[in-house]
Structure formats: structure tokens, C-alpha cells
Amino acid sequence: MEPIDDSDTVPLSQRAIAARPAPYLEGLNAAQRAAVETLEGPVLMLAGAGTGKTRALTTRIAHLLMLNKARPGQILAVTFTNKAAREMKDRITALLGETVEGMPWLGTFHSICVKILRRHAELIGNGELHLKPAFTILDTDDQIRLLKQLIQAENLDEKRWPPRQLAHLIDGWKNRCLSPSNLPRGEKAAFDGWGGRLYAAYQERLLSLNAVDFGDLLMHCVTLFQAHPDVLKTWQERFRYILVDEYQDTNVAQYMWLRLLAQAHRNICCVGDDDQSIYGWRGAEVGNILRFEQDFPGAQVVRLEQNYRSTPQILSAASGLIAANSGRLGKTLWTEAEAGEKVRLIGHWDSEAEARWIGEEIEAFQGGHRASLGKVSLDDIAILVRASHQMRAFEDRFMTIGLPYRVIGGPRFYERAEIRDAMAYFRLVVSPSDDLAFERIVNTPKRGLGDKALQTIQAAARRHGMPLLDGARIAVEEGQLTGKGLANLRDFVASHGRWHADALDAGASHVELAERILDESGYTAMWQNDKSPDAPGRLDNLKELVKALEEFDNLQGFLEHVALVMDRDEGEAGEEVSIMTLHGAKGLEFPVVFLPGWEDGLFPNQRAMDENGTRGLEEERRLAYVGITRAERLAVISFAGNRRLYGQWQSSMPSRFIDELPEEYIEVLTPPGLYGGGYGAAMAFAGANAGTDMHDRAAQADVYNSPGWKRMQARAAERKAPARRAPVTIDAEASAQFSVGDRVSHAKFGEGEIIGIAEDTLTVQFAAGFKTIKAAYVIPAGSDQDVPF
DNA sequence: TGGGTTGGACTTTTT
DNA sequence: GTCCAACCCA
């Protein structure tokens, strides 16, 4: 792998600029330079992991501004996450100094769509109803509650028609810009024939609530552009230059949106890496990046291939793995870094041993016992898991040994119940017609207003064609409620009136108002009286919420911010190991990365493969690629022979991805606690790696005395016959691992053939006649497992 | 109405 | 094994 010769790849026209490089261009490599300086026309920046993509992107924006190609307001730069948007802003500021005004159109797809939609809200609707500029943005929770109501309204059984599933379906449609009216006939019939109808009802309902969900933000924006060419034209003309981050993650709606906006000036620069597309399950279309050159004729493709993050060993291992995928654009990552450590591979008896071992390794790093890497701080270490349930084992273990850790991901700040409750209070105060907010908090804290009371309120509201809050007032006035409920609701309505008046008073402090709302409503008291261990944390969150309010002029502005932008505060609290999912790790890097749980079924994930076949498997492989390429200096892959899943112990095979790692970049470690160790264990792993017969090798080396390993070997031998099988349970009740016709061994009866299976009981034809025995007392014939008695 | 109990689900989750 | 939601009884 030779470094690229600069002079050959920089076009002549740009060498003139190169002669007197602006300071912000210094230090860019040739490819990055090309990506920054190719300003006109469509550009696809294929940026491999760790190749300085963000730097190229931000420098490109700085360059546009420095050359006066566009004013900040004429550049559209879209990202997927608020974090990415923030980082870009910060870096542009750093490049240009304080002199340049902010970039109003640098943000997430969603936040930019909101800005556009607010200006044209009235144009979104169905003739009778249309959106108003102050529309609210519903999150997933609200969405599901709404769908549930609609399903109930059709008298459908929620068991058979789960709201979550419908939400998923609708999201999928919106991701493809399919509104109820242009939904293909076949799709309408989804959800047992009710899909199209419920979707239409849902959109109607959203409109009447003056609300949109996340998917609508994109879809409405595209519809707006398509239906109103004049509106589209003004936006097309405004955005002279368009930049898109993580293009491989765009869905159809985002793609359409970009194409529409880019039509006028055609200056669109998309940055992405097809090998890091891991959000297919959320509607992302790798096809968008693969098709870029066809979609935008005359596109120039710039490949960023010099990696500044990882060692050659890590890069080679990752490259070897991803090579197994088909239909890639193809990149060859290279680096000038020193060879470094091979990627380590280790197997463990079970998930607890795996967690224990990783804990010990981390302590060894801390104690400086891994000298080859120099000093490694806990902040430098990450554990990346496939599924969040894997985190438990590490949390338990690290808690026990007192190793500081932080879990990244998990519920976001604004998804927490207490935050959503508080927000619902604020929402109702700002917009008294927000029925969803009303429903959420009318009985939180408990006011003795249950289903019955709510129905009364709803009936009153419907009778007068008014929002629920007014319905509540009427129900109180007309005395339709009794006892405690009546008194409490009267209080609630009265309090709301005061809060609402205060919210309209520009002179009053909205922070104080927020505090008063939470106090007077009894919401704070509810948590103060709560004895559960997480109550204090929730009160802290509420404090944090109120504190965050200080940065805004009013409640209204704050509400928008929280709906779209507010991240969880990942506060720095000393040195901690990071635990997160592989998805959560995208875009991050750590000197040392542990990748546990590389077992078939878990990773690659069985469901991903079942539901999406090869496509699913390839996405899993890309996830593995993302995982390995997060490591700067050391990656440690591990797997466990047994893992507890849903309370059941399951045994599993090492991941097929392990077989795909190129051997020369892998160092196989011997797990502690395996007798003999050394050569034998290494041979067994090497055998797994090369796909050779582990059984014979292990027998030769005579090191496998541990029952778990024997079971694993037995499975390995078995896999030669029916390809691979899903992990099977090893407990007594697990007759699932046998099928009729299998040969099995029994301690007393010898070898026989299974002629029947009922639950955990097998009927086996032995030489001595047929017997009915528990599955736990036999093993597959020919395996060297110990025969149980 | 509310709280306790039971039944079913359970991969990932940028907005 | 654990979490949430629906259901049932006081």
C-alpha cells in the first residue's frame, strides 16, 4: 500500500491554489484537498472510517465562505444527529475564527425540515384542514398512544393489531414518502387489511391536533416541494451549496428531498461510506450512495482512503472482514502508522467469564501491565456490544470490582417519564388545545380521575367540538363528575388558567413559571413522596430540565428544542470505561476497544438474518466492520460458549465473522481456566478460524476437559452436516437439539436412533429395543461429550 | 379508581 | 430473567 502521490491526483486548476494555500488548507492530504476544492457540481466523498471526513467537510464549508462562493445562509449542511451538527459548527468556527456569523442551515434533516415547514405550514393539509405554523412534534410515545386510540376506535383487538407494529409500518411508508393517497394498493392491505385505512385516519387526526410526527417532517416537506413549485424554487435558489453527512444512512424521503433542493445549482456534496451503512432497519437505503453517480450525472467521486485512526493490523483485519460483502463501492484503506498490535481473539466458557476477563484486562491496563500500549486511561477504553442486554453482564461485574463505567445510549433525557410529564404540563400551558398532553397529565399525579372520568371529559369535549381541557371545564361546570375527582379537576382547570395567563405575560419569568407549574400541580411532590430508589434521580432530572429552560426566552422556544434537539447530557465524571452498542459507537474512536459476544445468533443477529437474509447478514458484517474500525491501537474480539438469554442458558457457536477475519492479523489468546492452555487452545481457535475440524485438533492436543468446550466441539462437528444451526439450549428440556432420525448415545443402552420426540422426552430405538428417555440423558452419537448419567 | 398480579415479549433506535 | 401493559379485585 503506497501513499498517494499528491501531484498526480490534484487537478491542474487546483495546483494554482495549492501554491498559496490558505492556512486552513494546510495539512490536508491530496484526496482531502480535492474534496475541499472541488466545489462545483455533484461530488461524492467516499470517506472510509477514520479518514478525516469531518475535517474535509468542515474545511469545504470554510473554503466556500473564504472564497465568497456563498454566504453562510446560502449553504445547506445536513447531518443525522444533533451531535454531528454541533461538532461541525464548532469546527467551522475554529477554522474561521469568530468573524463569521452562524450557519442557519446547518442542522439535522429534521430540524431543517421543521424550519422550512413552519414557514409554509398552511400549505400542508387536505383541503379542509391544514397545519398551523405552531404545530407540535410528536415523539414515538405520543404516536403509539394515538394509533392505539384509532385501533380501539375501529373496535380492533390490540393483540391482533398491535399499535407498535402499525407505527413501524407507517414509519416505513413515511420513510419512502408514501402518503395515504399514494400508498400502493398492495401496501394498503398491510396490517391485516387495515393499514391504509388506519394510516389515513392517523394523518387526519394529526392534522386536527395540529401535530406532525418525525416521519412527517421529511414527507410533508417533500410533498410541499412537489405540490408548490414556486416554494421549491425559492429554496432551490437559496441553497447554492448543499453538503450531506453520512449519506449512506439516508432514506428515500431524504434522498427525494435532497434531489429536489439540489436541482437548481447542482452543487451537492455527499459524504459517506457504504461499508458503514448500519441503519437499513430504519429505512436507510445503501442504494442511495451506490447509485450516486447515476442519480447525479457528471458526479465526481473523491475517495478518502488514508486512515489516521487505526494501526495497519486493525485496518487489515477490518478490511478482510468487510471484503466478504458484495456490491461495495470498494475502498482500500491505508495508513502510515506503525504495525501495532494484532487484533486479539479469545473465547470464554460463558458470558460471565467473558465479563470477568475483560474487567481483569482493563485493570491490567490501569496498572500499566500492558506496557506495549503505554498508559491507557479508562476513558480510552470502550466495550461495544451488539445488543443492549449484553451490557448487564459488564455492569454487574464492573460494579462488583469497583471499576468506573458509563453506559452510553439508553433512554434519552427527554424520553424519561418525568421529563415527558413535565413537558406535557408545559405544552398544555402553551397550547391548551394539546389533547395528548392533557391526557398524559390530567391524572398524573393521581387526582382520582380514571378511565370513566376521562370518558366523561371526552364526551363533553366532543359535544362542543372543543379540546379536552375545555371539555374538562364544561364537565366540572355541569357537575358531571363527583367527589374527589370533581374537586381535583376543578382545581386543575383553575390552576391551568393561572399558568396560561402567566405564560402569556411577557414580563413574567418562564423559569419561575415552570417551577410553579411543577409545584402547584403536585408533580414534584409526587416524586418526593415516592419511595422507589430512582425517585431522587428523577427529581434531579426535573431540576436539570428547569435549569435548561434558562437558556431560552420562553416556554415555547424551549418545547421545540426539546422535541428535536435535546440530547442526553453525557456529563464528564472522571475516568470511566464506556459501554455502548455498536450502533451507538458509530463516529467515535477509542484507543482500546473490546468487542464481546461474537457468537452466531447474537452477532450476526439471528433475527436480522431471518428477516432480511443476505442483506441482513451483510448489514451485520458492516456493523462488525464499524466495531473494529473504532479501535485506534487495540481491538479485542471475544465470544462465549454459553450465554444466558431470557433466563435460559444457551450454548452458541463462535460468530461466522470470526472465520472471516484474516488469520495473519489475529492473535489468538488462551482463556484462563482452560486446562493445558497454550498450544492446544490456540490450535483449537486457529482451527475455528481456518474452518478446519476442531474436533480432531482438540483431541490431538488433549486440552479439552471443560464440558462447555466439548459441547462447542460437538456442535462444530455437527455443523458440517446441516450447515449451521441456530444456537440450541443445552438444558435438560432442550430436546430441540435433536430431531427424529438423529443417532444418540446413552450411558446404559449405548447407541440408538431417535424415532419420536415429545417435549423433553425422546423415544429412541436402541439395539435392546426402544426406550422412552429424557433428552438430558443422551448426547449426539459420535460427540466426545461426557455421557450424562 | 388504584394497586397488585399475571401474561407476553424480547436487536439495533441518529430524529 | 425482567420489564411493561393489561386485567382483576378490593
Side-chain angles (χ1 to χ4, degrees), chain A residues 78-86 107-114 137-140 143-145 148 157-159 162-165 167-168 171 174-175 212-218 245-246 248-251 253-254 278-284 384-393 396 409-412 414-415 417 443-454 481-485 488 560-568 580-588 597 601-612 616 619-620 622-623 626-627 643-649:
Chain A
V78 274
T79 63
F80 277 84
T81 64
N82 295 303
K83 203 172 144 205
R86 217 176 310 123
T108 61
F109 275 101
H110 296 266
S111 64
I112 287 170
C113 284
V114 172
I137 300 160
L138 302 192
D139 61 22
T140 323
Q143 194 186 359
I144 304 244
R145 279 195 302 148
K148 198 171 178 176
D157 180 8
E158 281 173 54
K159 292 264 162 55
R164 301 196 61 90
Q165 198 188 317
H168 182 75
D171 278 344
K174 289 184 176 176
N175 284 339
V212 300
D213 63 21
F214 284 130
D216 281 334
L217 293 175
L218 258 300
D245 194 17
E246 306 281 16
Q248 76 283 348
D249 289 336
T250 50
N251 61 34
Q254 287 153 344
I278 54 174
Y279 283 104
W281 51 276
R282 269 185 130 223
L384 309 183
V385 298
R386 175 63 184 85
S388 37
H389 65 72
Q390 288 172 261
M391 293 180 179
R392 260 298 274 287
D396 287 351
R412 318 199 96 60
Y414 62 82
E415 280 170 5
N443 199 31
T444 312
K446 301 272 180 280
R447 296 191 175 90
L449 298 159
D451 280 351
K452 192 87 178 296
L454 192 60
L481 291 161
T482 51
K484 227 166 80 188
N488 286 337
E560 171 131 321
H561 173 78
V562 176
L564 269 177
V565 179
M566 192 149 164
D567 298 353
R568 219 164 71 109
M580 66 184 97
T581 64
L582 286 161
H583 284 91
K586 197 165 98 168
L588 304 179
L602 178 61
F603 190 39
N605 183 272
Q606 193 61 47
R607 206 159 134 189
M609 293 187 289
D610 290 347
E611 287 174 9
N612 296 306
E619 183 154 313
E620 294 288 302
R622 290 193 291 268
L623 205 44
V626 167
R643 184 174 295 279
R644 199 160 48 191
L645 188 64
Y646 310 139
Q648 291 275 330
W649 279 100

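Naming: A, B, ... by sequence-line order, numbering from 1 per chain.
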Is there aromatic stacking of A:Tyr646 on B:dC10 here, judged by a ring-centre distance under 5.5 Å and a plane angle under 30°? yes

Would you mind classifying the nucleic acid contact of A:Glu611 as base, sugar-phosphate or nothing, using non-hydrogen atoms under 4.0 angstrom? base

Sequence-distant partners of A:Lys148, side-chain hydrogen bond (donor to acceptor under 3.5 Å, both in side chains), two or more places apart: none

List the residues meeting side-chain hydrogen bond (donor to acceptor under 3.5 Å, both in side chains) with A:Glu611, not counting sequence neighbours, and say none if there are none. A:Arg607

Distance in angstrom units between A:Leu623 CG and B:dT13 C1', rounded: 12 Å

Sequence neighbours excluded, which residues qualify as salt bridge (Lys or Arg N to Asp or Glu O under 4.0 Å) partners of A:Arg164? none

For atom CZ of A:Phe603 and atom P of B:dT12, their distance in whole Å: 13 Å

CZ of A:Arg282 versus P of B:dT12: gap in Å, rounded? 13 Å

Describe the nucleic acid contact of A:Ala608 in one word from base, sugar-phosphate, nothing, applying a heavy-atom distance below 4.0 Å. base

Let me know the distance between CG of A:Asn605 and C1' of B:dC10, rounded to the nearest Å. 11 Å

With a 4.0 Å cut-off on heavy atoms, is A:Lys586 in touch with a base, just the backbone sugar-phosphate, or nothing at all? nothing

Please name all residues satisfying side-chain hydrogen bond (donor to acceptor under 3.5 Å, both in side chains) with A:His583, sequence neighbours left out, ordered by chain then number. A:Trp281

At under 4.0 Å, does any side-chain N or O of A:Thr581 touch on OP1 or OP2 of B:dT13? yes

Counting only side-chain N and O atoms of A:Asn251, is one of them less than 4.0 Å from OP1 or OP2 of B:dT15? no

Within the side chain of A:Asn488, is there an N or O that forms a donor-acceptor pair under 3.5 Å with the backbone of A:Arg447? yes

Ignoring backbone atoms, test whether A:Asn82 places a side-chain nitrogen or oxygen under 4.0 Å from the OP1 or OP2 oxygen of B:dT15. yes

Taking atom types as modelled, find out whether A:Gln254 and A:Asp249 have a side-chain donor-acceptor pair closer than 3.5 angstrom. no

I'd like to know if the side chain of A:Asp171 reaches the main chain of A:Gly215, judged simply by a donor and an acceptor atom lying under 3.5 Å from each other, with no hydrogens or angles considered. no

Base, sugar-phosphate, or nothing for A:Phe109, non-hydrogen atoms under 4.0 angstrom? nothing

Could you tell me the separation between the CD atom of A:Gln606 and the C1' atom of B:dC10, rounded to a whole number of Å? 15 Å

Per atom distances to the A:Asn443 side chain, the nearest of B:dT13, B:dT15, B:dG2 is B:dG2

Could you check whether any side-chain N or O of A:Asn443 sits under 3.5 Å from a backbone N or O of A:Lys446, counting only pairs where one atom can act as donor and the other as acceptor? no

Taking only residues two or more places apart in sequence, or in another chain, which ones meet A:Glu620 in a side-chain hydrogen bond (donor to acceptor under 3.5 Å, both in side chains)? A:Arg386

What's A:Lys452 touching, base or sugar-phosphate or nothing? Going by heavy atoms closer than 4.0 Å. sugar-phosphate

Whichever of A:Gly450 and A:His583 has the more 5' nearest nucleotide on DNA chain B, that residue is A:Gly450

Just the rounded figure in Å: distance from C1' of B:dT1 to CG of A:Asp451. 9 Å

Heavy-atom contacts, protein to nucleotides 2-10 of chain C, under 4.0 Å, summarised as B (base), S (sugar-phosphate only) or - (none) per nt, yield S---S----

Interatomic distance where CG belongs to A:Leu582 and C1' belongs to B:dT12 [whole Å]: 9 Å

Could a donor-acceptor pair under 3.5 angstrom be found where the side chain of A:Arg447 meets the base of B:dT1? no

Just checking A:Asp249: base, sugar-phosphate only, or nothing, at a heavy-atom cut-off of under 4.0 Å? base

Report which part of the nucleic acid A:Glu620 touches: base, sugar-phosphate, or nothing (heavy-atom distance under 4.0 Å, all strands). base

Under 4.0 Å, counting only non-hydrogen atoms across every strand here, what does A:Ala84 touch: a base, just sugar-phosphate, or nothing? nothing

Quick one: A:Asn488 CG to B:dT1 P, roughly how many Å, whole number? 12 Å

From the candidates B:dT12, C:dG1, B:dT15, the one with an atom nearest any side-chain atom of A:Arg644 is C:dG1

Go nucleotide by nucleotide along DNA chain B from the 5' end; which of A:Leu454 and A:Met609 gets its closest nucleotide reached first? A:Leu454

Indicate whether A:Trp281 forms a stack on B:dT13; treat it as stacked only if centroid distance is below 5.5 angstrom and interplanar angle below 30 degrees. no

